[in-house]
*Asks:* 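Sending over a structure as structure tokens; questions will come in a sec.
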Amino acid sequence: ARNLYKLMAYKDEYEVARLLLRGAAADEIRKQFPGGARVHWNLHPPMLRALGLRRKLKLGPWARPLLVALRAMRKLRGTALDPFRHAEVRKVERALIDEYRGMVQRALQPLSPATYDLAVQLAELPDLIRGYESIKLGNVARFHERAAALEEEARRGARALPLSAQV
């Protein structure tokens, strides 16, 4: 359940906006800098990166309404109206959820003391997936490689786990 949650709770643009607008962050800044501080967010939006922007944008307090709007748009996540749905990393993140569910269900069908360790290893695979954008995609490739290796191990072993080669 923890690893499925991890795959479902990815940090997309909506989640970044929500995190940046947390009241606790502003409270912490006020505690650390009682005389006041100028807050800027340094962001490298994937859409602009895809268009060739190579540096982070420095956004000041003027960008707060944009972040509030973006946070409110989270209801669009995964729908046809989601402006970020076509990004490769978002497609991969959405596909991983169903892929992982299927992999775990297949591993649980023949669960026994002999297959337990392999099923646990399969269930823990999302721990490999960390980072943002290209780093995350590289870790997804590692996830797929490890899943394929575990499936091959299952096939070579007692043929206890009926896992497909399409993971």
Side-chain angles (χ1 to χ4, degrees), residues 1-108 121-148 163-164 166-167:
R2 182 179 63 246
N3 283 304
L4 178 59
Y5 172 79
K6 179 180 177 168
L7 292 178
M8 295 172 76
Y10 50 85
K11 301 290 186 284
D12 60 6
E13 292 78 3
Y14 308 113
E15 181 64 5
V16 169
R18 184 191 70 79
L19 291 170
L20 291 175
L21 294 171
R22 289 182 316 199
D27 293 342
E28 188 62 32
I29 291 168
R30 280 191 286 278
K31 280 186 210 173
Q32 289 184 20
F33 304 97
R38 294 177 65 140
V39 176
H40 293 92
W41 296 291
N42 293 309
L43 302 174
H44 198 194
M47 289 179 93
L48 295 179
R49 186 173 32 247
L51 295 174
L53 181 71
R54 297 292 172 225
R55 60 178 177 78
K56 291 184 177 185
L57 298 177
K58 185 175 183 178
L59 305 177
W62 60 268
R64 187 173 182 77
L66 298 173
L67 293 172
V68 169
L70 189 57
R71 179 182 62 189
M73 290 173 56
R74 72 186 177 278
K75 294 175 181 106
L76 300 177
R77 181 185 287 130
T79 70
L81 298 175
D82 183 354
F84 309 110
R85 73 185 179 282
H86 296 297
E88 179 65 21
V89 71
R90 299 297 166 250
K91 290 177 185 178
V92 168
E93 287 168 336
R94 287 190 306 269
L96 273 173
I97 295 166
D98 289 334
E99 183 178 338
Y100 178 71
R101 281 182 177 150
M103 185 173 32
V104 169
Q105 287 174 346
R106 290 187 305 271
L108 291 176
Q121 289 178 53
L122 284 166
E124 291 175 343
L125 283 177
D127 281 340
L128 295 173
I129 303 172
R130 299 177 188 275
Y132 296 98
E133 303 301 318
S134 62
I135 293 169
K136 185 174 210 168
L137 292 173
N139 286 329
V140 169
R142 287 181 50 221
F143 168 93
H144 286 125
E145 289 168 9
R146 183 69 183 131
L163 300 175
S164 74
Q166 297 179 350
V167 172

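Quick caveat: nothing in here was measured; it's all calculated off a predicted structure.
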*Asks:* Could you tell me whether a side-chain N or O of Asn139 sits under 3.5 Å from a main-chain N or O of Arg130, the two making a donor and an acceptor?
*Replies:*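 Looks like yes, one N/O pair under 3.5 Å.
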
*Asks:* Scan for side-chain hydrogen bond (donor to acceptor under 3.5 Å, both in side chains) pairs involving residues 12-24, sequence neighbours excluded, and state none if there are none.
*Replies:* Asp12-Arg77, Glu13-Arg90, Tyr14-Asp82, Glu15-Arg18

*Asks:* Quick one: salt bridge (Lys or Arg N to Asp or Glu O under 4.0 Å) pairs with a partner in residues 26-37, sequence neighbours left out?
*Replies:*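 Output for this query lists Asp27-Arg30.
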
*Asks:* Under the side-chain contact (heavy atoms from CB on, under 4.5 Å) criterion, do Leu125 and Met103 qualify, and how do the steps go?
*Replies:* CA-CA 10 Å; Leu125 283 177; Met103 185 173 32; 4.1 Å; yes

*Asks:* Which residue pairs satisfy the salt bridge (Lys or Arg N to Asp or Glu O under 4.0 Å) criterion with at least one member in residues 50-76, sequence neighbours excluded?
*Replies:*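 Matches after skipping sequence neighbours: none remain.
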
*Asks:* Suppose we screen for side chain to side chain contact (heavy atoms under 4.5 Å, CB included). Which residues come up paired with Ile97, at least two apart in sequence or across chains?
*Replies:*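 Result, side chain to side chain contact (heavy atoms under 4.5 Å, CB included) vs Ile97: Leu4, Leu7, Met8, Tyr10, Arg101.
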
*Asks:* If the condition is side chain to side chain contact (heavy atoms under 4.5 Å, CB included), which residues does Tyr132 pass it with, not counting sequence neighbours?
*Replies:*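 Per chain and number, Tyr132 pairs via side chain to side chain contact (heavy atoms under 4.5 Å, CB included) with Lys11.
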
*Asks:* Under the salt bridge (Lys or Arg N to Asp or Glu O under 4.0 Å) definition, can you give me all pairs with a residue in residues 135-147, not counting sequence neighbours?
*Replies:* Glu93-Lys136

*Asks:* Can you name the residues that form a side chain to side chain contact (heavy atoms under 4.5 Å, CB included) with Leu81, not counting sequence neighbours?
*Replies:*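 Here the qualifying residues are Leu76, Thr79.
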
*Asks:* If every non-hydrogen atom of Pro126 is compared with every non-hydrogen atom of Leu122, which pair is closest and at what distance?
*Replies:* CD-O, 4.3 Å

*Asks:* For residues 37-45, dump all side-chain donor-acceptor pairs below 3.5 Å to protein atoms at least two apart in sequence or in another chain.
*Replies:*
unit_1	atom_1	unit_2	atom_2	d
His44	ND1	Arg49	NH1	2.9
His44	NE2	Leu53	O	2.9

*Asks:* For Val104, check side chain to side chain contact (heavy atoms under 4.5 Å, CB included) against everything at least two apart and list the hits.
*Replies:* Tyr100, Leu108

*Asks:* As an exercise, state the distance from CG of Leu137 to CD1 of Ile129, rounded to the nearest 0.5 Å.
*Replies:*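 Nearest 0.5 Å value for the CG-CD1 distance: 10.0 Å.
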
